[in-house]
Amino acid sequence: MEGSVREPRVLVVGGGFAGFECARRLARPGGPAVTLVSPEDYFLYTPLLPEVAGSVLDPRHAAVPLAESLPGVRVLRGVVADVDLDEHTAEVAVPDAAGGRTERWDRLVLTPGSVTRVLDIPGLAERARGLKTLAEAVYLRDHLLGQLERSASLPPGDPACRACRTVVVVGASYAGTELVAQLRGLAHDAALHYRFPASDLHVVLLDVAAEVMPEVGSRLGRRALEVLRSRGVDVRLETTLRSVQSDTVTLSDGQTLPCGTLAWVTGVTANPLVGRLPLELHQGRAVVDEHLQVPGRPDVFAAGDAAAVPDPTEPGSVTPPTAQHATRQGRTLARNVLASLGGDRLTPYRHRDLGLTVDLGPGFAVANPFGVPLSGLAAKAVTRGYHLAALPRRANRLQVGLDWLLMATSPRPLVSLGLVHPERVALDGGQREAAAPAR
Ligand SMILES: Cc1cc2nc3c(=O)[nH]c(=O)nc-3n(C[C@H](O)[C@H](O)[C@H](O)COP(=O)(O)OP(=O)(O)OC[C@H]3O[C@@H](n4cnc5c(N)ncnc54)[C@H](O)[C@@H]3O)c2cc1C
């Protein structure tokens, strides 16, 4: 139409912490036309995944529906398979649409997050499971319950029985440590239910580092270690996996342990999409400047786990892959995308560390809000309060709060739904998914 001006189009790749926050803030009357591409129709609040694996929370309660939470945003279910940075187009593989579709954009926001980093350890990719998705958390829960149920029908001294009752978690950063605490709680309750002594369980946490959770500081790390060990978790530091066999794992010190449940939570690497694009990378993450803009590409922005964002508090380093950074970078993204469309000045990314909260199972947590070290019930209250405040939808907050109340007043639900096929949670699944989105 003569005289009419087309709305600028913003394409957001990924509906995680950074993409969700950016899209939410961009969608406003008179603003650009925003399309968010996501393989899932929900935003996943990952900090609650260990509690989903431990059957404390219902999986749906950690999933925030995108369509309802992002009014004014066009949510396109699919996977961005390729981007032409010169032509300003993106190829999106969409379920049920053979050949996918082409999306045009004026501003591109790259926030596809990260995938589990898999090392070249024999047997690892085939037998271990990660903890990045809801499917993985549900699978771990179901698998462990299945193993414990099976063990109850085997003679206690039998090697197969010992394997079923052994859980090994590799990676003692906050995610792995929370997971081992939750799986231990689940296994204990299941032992009572299946009528075998909880002392038959062997729950192991491995890490190559000399301490657990270096992110929370050595004082809280030591406190967490004491509590885990007092609850029977066999924490082995400066130790990792050498190989994985069908019912056993061999450790770096040469010891072989029976093992029926193996979780690999040793860290993440940027989503492979950014490596396929002609972008400068820093340790696999897309290089951006302090405005979250890709150098030499003023129309392309990136943030979150997929981007190497300069950390203003530690010149020369980049921000760690955390939800806290991704959410706040999402806000800066929205502001700068709008500024770039309006020809205004861009704002540099700044942050103040709010600290970390780590839930370690019944009655215990560690946290360092604003640098104040807390442990025990005070930290538990801070941890839960933080998650309730950070969850972006009231119904999810109520559901999670209710789950916690039920956990405190009723037996843990020991239900193995068996809905997740092992193939769906293979450790290289993230990369396979990028080629073929889940239906
Ligand atoms: C178990 C666990 C516990 C954690 N606990 C904490 C915590 O307590 N505190 C904290 O600060 N951080 C925590 N983190 C880290 C935090 O989850 C990440 O740093 C954060 O999710 C990064 O946000 P993001 O937006 O970059 O990526 P994500 O939140 O991972 O979102 C990326 C999105 O992009 C989608 N996507 C991927 N590829 C494509 C594609 N090609 N096309 C379209 N969409 C795509 C993905 O499906 C996903 O929805 C935890 C992580 C895990 C795994």
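Remember, it's 1-based here, ligands and their atoms both numbered in the order they're listed.
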*asked:* Using a plain distance cutoff, I'd like to know if Ser38 has any nitrogen or oxygen under 3.5 Å from a nitrogen or oxygen of ligand 1.
replied: no
*Of the side chain and backbone of Thr111, name the one, both, or neither that has a heavy atom under 4.0 Å from an atom of ligand 1.*
backbone
*Examine Asp305 against ligand 1 and note whether any of their N/O atoms are separated by less than 3.5 Å.*
yes
*Start with the C-alpha distance between Leu70 and Leu36, add both sets of side-chain angles, then the distance that settles side chain to side chain contact (heavy atoms under 4.5 Å, CB included), and finish with yes or no.*
CA-CA 10 Å; Leu70 296 176; Leu36 182 143; 4.1 Å; yes
*Does the N or O separation between Val80 and ligand 1 drop below 3.5 Å for any pair?*
yes
*Is there a donor-acceptor pair under 3.5 Å between the side chain of Asn396 and the backbone N or O of Ala63?*
yes
_Atoms in ligand 1 flagged as close to Val13, the criterion being non-hydrogen separation under 4.0 Å_ = 42 (N), 43 (C)
_salt bridge (charged side-chain N to carboxylate O under 4.0 Å, His left out) assessment of Arg331 paired with Glu21_ = CA-CA 6 Å; Arg331 281 176 218 150; Glu21 188 63 22; 3.6 Å; yes
*Could you tell me whether Pro39 and ligand 1 have an N or O pair separated by under 3.5 Å?*
no
*asked:* Whether the side chain of Thr332 engages the backbone of Tyr349 through a donor-acceptor N/O pair (distance < 3.5 Å, no angle test) should be reported.
replied: no
*With a cut-off of under 6.0 Å to the ring centre and 45° to the axis, is Arg424 in cation-pi contact with Tyr139?*
no
_Backbone or side-chain N or O of His387 under 3.5 Å from ligand 1 N or O_ = no
*asked:* Quick check on the 6.0 Å ring-centre criterion: do His387 and Tyr45 meet it?
replied: yes
*Closer than 4.0 angstrom: is that true for some heavy atom of Tyr174 and an atom of ligand 1?*
yes
_Need the ligand 1 atom indices (1-based, order shown) with element for anything under 4.0 Å from a heavy-atom of Val37._
43 (C), 44 (N)
*Just which atoms of ligand 1 are under 4.0 Å from any heavy atom in Pro321?*
15 (C), 19 (O)
*Starting from the C-alpha separation in whole Å, work towards a yes-or-no answer on salt bridge (charged side-chain N to carboxylate O under 4.0 Å, His left out) for Arg101 and Glu103.*
CA-CA 7 Å; Arg101 58 199 292 169; Glu103 289 290 316; 3.5 Å; yes
*Look at atom CG of Leu281 and say whether more than 12 heavy atoms of other residues, nucleotides or ligands are closer to it than 6.0 Å.*
yes
*Of the side chain and backbone of Glu40, name the one, both, or neither that has a heavy atom under 4.0 Å from an atom of ligand 1.*
side chain
_Can you check which of Pro112, Ala307, Gly176 brings a heavy atom nearest to atom 37 (C) of ligand 1?_
Pro112
*Which atoms from ligand 1 have a heavy atom of Gly304 less than 4.0 Å away?*
26 (O)
*Sub-4.0 Å atoms of ligand 1 with respect to non-hydrogen atoms of Ala18*: 25 (O)
*Could you tell me whether some N/O pair between Thr46 and ligand 1 is separated by less than 3.5 angstrom?*
yes
_Could you go through His325 and Asp311, starting from their C-alpha distance and side-chain angles, then the distance that decides it, and tell me whether this counts as side-chain hydrogen bond (donor to acceptor under 3.5 Å, both in side chains)?_
CA-CA 10 Å; His325 278 294; Asp311 188 342; 5.1 Å; no
_Closer than 4.0 Å to some heavy atom of Lys132 - which atoms of ligand 1 meet that?_
53 (C)
*Using side chain to side chain contact (heavy atoms under 4.5 Å, CB included) as the criterion, point out the one residue from Val37, Leu110, Thr89, Val83 that pairs with Leu11.*
Val37
